[in-house]
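Below is one structure; the comments refer to it alone.
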Amino acid sequence: MTTQIHPSAVVEDGASIGEGCIIGPFCHVGPEAVLGPRVELKSHVVITGDTEIGEDTVVFSFAVIGEIPQDLKFKGEDSRLIVGKRNRIREHVTMNCGTEGGGGVTRVGDDGLFMAGCHVAHDVQIGNRVILVNNSAIAGHCVIEDDVIVGGLSGVHQWVRIGHGAIIGAVTMVTNDVIPYGLVQAPRGKLDGLNLVGLKRRGVSRADITALRAAFQMLAQGEGAFADRARRLGDETQSDYVKEIVTFILGDSDRHFLTPG
């Protein structure tokens, strides 16, 4: 396939441009950028810093990918942004590279949809098939696991983890960790239940959904501290989905949890 670079685009010496890439009008690709095969930059896109973008990703107009962090502690140290394959990065999206204090790398997985105006901050780790809806913002050092949806105009506080398959409602502020398959909503985010729609769409069996519902009730109403309830749940369950929640709760975290009401 022939690579196409519009005459008005600026591709600096040192940039690596894969086979079949399309670089549209008035784009700027920096000297350390690496574009995989068939990456498309629509127009007025900035790719800067030590940034790698995986194959078949499309970046829409006025997105700025790989700029330095919005962190006053950043002193110009070497850091990177790695974006996976087949992502759709819409207009005015910003994704920043990492910092020394956060491991130096911001990572975005495969097959994501990043809608207009959303932000991915320094040292964030995003999994596969994640959707960030318009104008949502992920603060520094967060971990967003696979199949998460973050609703429009929502914000996720720094260092928060959001577990596999969770969904965050629109206009929600998430300040603590969210268990896998959790449903969070309200202006100051509350764990209101499970992402049942998402589970059904993925074809999760009725038996596993029933086990997840029972686990949620035990976490909400069982005796002892939240972590103690999770440990008992891990000893009792046979469901891999419930075990995933238990492992998440007992894992390392810099935040508390949103707990069932």
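- Between the Asp254 side chain and the Trp159 main chain, no donor and acceptor come within less than 3.5 Å of each other.
- Under the 4.5 Å side-chain contact rule for hydrophobic residues, Leu113 and Phe60 do not share a cluster.
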- Step by step, would you call Val45 with Ile89 a side chain to side chain contact (heavy atoms under 4.5 Å, CB included)? CA-CA 11 Å; Val45 172; Ile89 301 173; over 6 Å; no
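- Checking Gln70 against His119 by side-chain atom types alone, a donor-acceptor pair falls below 3.5 Å.
- With values rounded to the nearest 0.5 angstrom, Asn195 atom CG is found 10.5 Å from Leu212 atom CG.
- To the nearest 0.5 Å, the span separating CZ on Arg90 from CE on Met115 amounts to 9.0 Å.
- Residue Gly151 comes nearest to Val133 through the heavy atom pair C-CB, 3.7 Å, listed as atom of the first residue, atom of the second, then distance.
- For the residue pair Asp71/Thr99, the side-chain donor-acceptor check at 3.5 Å is not satisfied.
- Nearest heavy-atom pair, Ile23 versus Ala9, reported as atom, atom and distance to 0.1 Å: CG2-CB, 3.8 Å.
- Under the 4.5 Å side-chain heavy-atom criterion for Ile, Leu, Val, Met, Phe, Trp and Tyr, Ile179 and Leu199 are members of the same hydrophobic cluster.
- Atom NZ of Lys85 is surrounded by 12 or fewer heavy atoms from other residues, nucleotides or ligands within 6.0 Å.
- Of all heavy-atom pairs spanning Gly140 and Ala121, the tightest one is N-CB, 3.5 Å.
- Atom SG of Cys97 sits about 11.5 Å away from atom CD1 of Ile82, to the nearest 0.5 Å.
- Taking 4.5 Å as the limit, every side-chain heavy atom of Asp13 sits out of range of all side-chain heavy atoms of Pro31.
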- Task: I would like to know whether Ile131 and Val150 meet side chain to side chain contact (heavy atoms under 4.5 Å, CB included); could you show each step before the answer?
- Result: CA-CA 6 Å; Ile131 299 175; Val150 179; over 6 Å; no
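- Put simply, the side chain of Gln221 does not reach to within 4.5 Å of the side chain of Arg229, judged on heavy atoms.
- With contacts defined as side-chain heavy-atom distances shorter than 4.5 Å, the pair Tyr181/Val204 does not qualify.
- Rounded to the nearest 0.5 angstrom, Asp208 CG and Tyr241 OH are separated by 5.5 Å.
- Asn87 places a side-chain N or O within donor-acceptor distance of the main-chain N or O of Gly112, the cut-off being under 3.5 Å.
- Looking at Thr3, its side chain does come within 3.5 Å of a backbone N or O of Gly20 through a donor-acceptor pair.
- Between the Arg107 side chain and the Gly84 main chain, no donor and acceptor come within less than 3.5 Å of each other.
- When all heavy atoms are compared, the tightest approach of Val178 to Ala166 is CG1-CB, 3.9 Å.
- Counting only distance, with no hydrogens or angles, the side chain of Arg88 and the backbone of Thr57 share no donor-acceptor pair below 3.5 Å.
- Val64 and Ile47 fall into different hydrophobic clusters, where Ile, Leu, Val, Met, Phe, Trp and Tyr are joined by side-chain heavy atoms under 4.5 Å apart, directly or via other members.
- For Asp235 and Arg232, the salt-bridge test fails: no basic side-chain N is under 4.0 Å from an acidic carboxylate O.
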- Task: Please assess His157 against Arg255 for the test side chain to side chain contact (heavy atoms under 4.5 Å, CB included), listing each intermediate value before the final yes or no.
- Result: CA-CA 10 Å; His157 194 282; Arg255 308 293 300 177; 3.4 Å; yes
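- Under the 30°/60° scheme for interplanar angles, the aromatic rings of His141 and His122 are found to stand perpendicular.
- Atom-to-atom distance recorded for Thr172:OG1 and Gln185:CD is 7.0 Å, nearest 0.5 angstrom.
- Side-chain atoms of Ser154 and Ser136 include no donor-acceptor pair closer than 3.5 Å.
- Under the 3.5 Å distance criterion, the side-chain polar atoms of Ser8 are matched with a main-chain donor or acceptor of Phe26.
- In this structure, Arg86 contributes its side chain and Asp56 its backbone to no donor-acceptor pair below 3.5 Å.
- In terms of heavy-atom proximity, Glu100 sits nearest to Glu77 at N-OE2, 2.9 Å.
- Donor-acceptor pairing under 3.5 Å is recorded for the side chains of His164 and Asp147.
- Residues Val34 and Ile53 fail the side-chain proximity criterion, which asks for heavy atoms closer than 4.5 Å.
- For the pair Ser253 and Arg161, the minimum side-chain heavy-atom distance is below 4.5 Å.
- Heavy-atom neighbours of Asp78 CG from other residues, nucleotides or ligands within 6.0 Å: at or below the threshold of 12.
- What you find for Val148 and Glu145 is that their closest heavy atoms are CG2-O, 3.2 Å.
- A salt bridge between Lys42 and Glu40 is present, with a side-chain N of the basic residue lying under 4.0 Å from a carboxylate O of the acidic one.
- Side chain of Asn128 to backbone of Asp110: a donor-acceptor contact under 3.5 angstrom is found.
- Side chain of Gln125 to backbone of Val105: a donor-acceptor contact under 3.5 angstrom is found.
- Linking ILVMFWY residues whenever their side-chain heavy atoms come closer than 4.5 Å, directly or via other members, places Phe257 and Leu250 in the same cluster.
- Residues Val58 and Leu35 do not share a hydrophobic cluster, clusters being chains of Ile/Leu/Val/Met/Phe/Trp/Tyr side chains in contact below 4.5 Å.
- With Val184 as the fixed residue, the side-chain contact (heavy atoms from CB on, under 4.5 Å) test singles out one of Ile168, Ile167, Ile162: Ile168.
- When side chains are defined from C-beta on, Leu183 does not count as touching Leu196, because their heavy atoms never get closer than 4.5 Å.
- Side-chain contact between Val174 and Leu258: present, with at least one pair of heavy atoms (C-beta onward) separated by less than 4.5 Å.
- For the pair Val59/Ile65, a side-chain contact is recorded, criterion being any heavy-atom separation below 4.5 Å from C-beta on.
- No side-chain donor from either of Asp123 and Thr106 sits under 3.5 Å from a side-chain acceptor of the other.
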- Message: Could you walk me through whether Ile17 and Val11 satisfy the side chain to side chain contact (heavy atoms under 4.5 Å, CB included) test, starting with their C-alpha distance in whole Å, then the side-chain angles of each, then the deciding distance to 0.1 Å, before giving a yes or no?
- Response: CA-CA 9 Å; Ile17 309 299; Val11 178; 4.1 Å; yes
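- Rounding to the nearest 0.5 Å places CG of Leu194 at 7.5 Å from CG of Leu191.
- In Arg213, the CZ atom is not crowded: 12 or fewer heavy atoms of neighbouring residues, nucleotides or ligands sit closer than 6.0 Å.
- Heavy atoms from other residues, nucleotides or ligands lying under 6.0 Å from NE2 of His256 number 12 at most.
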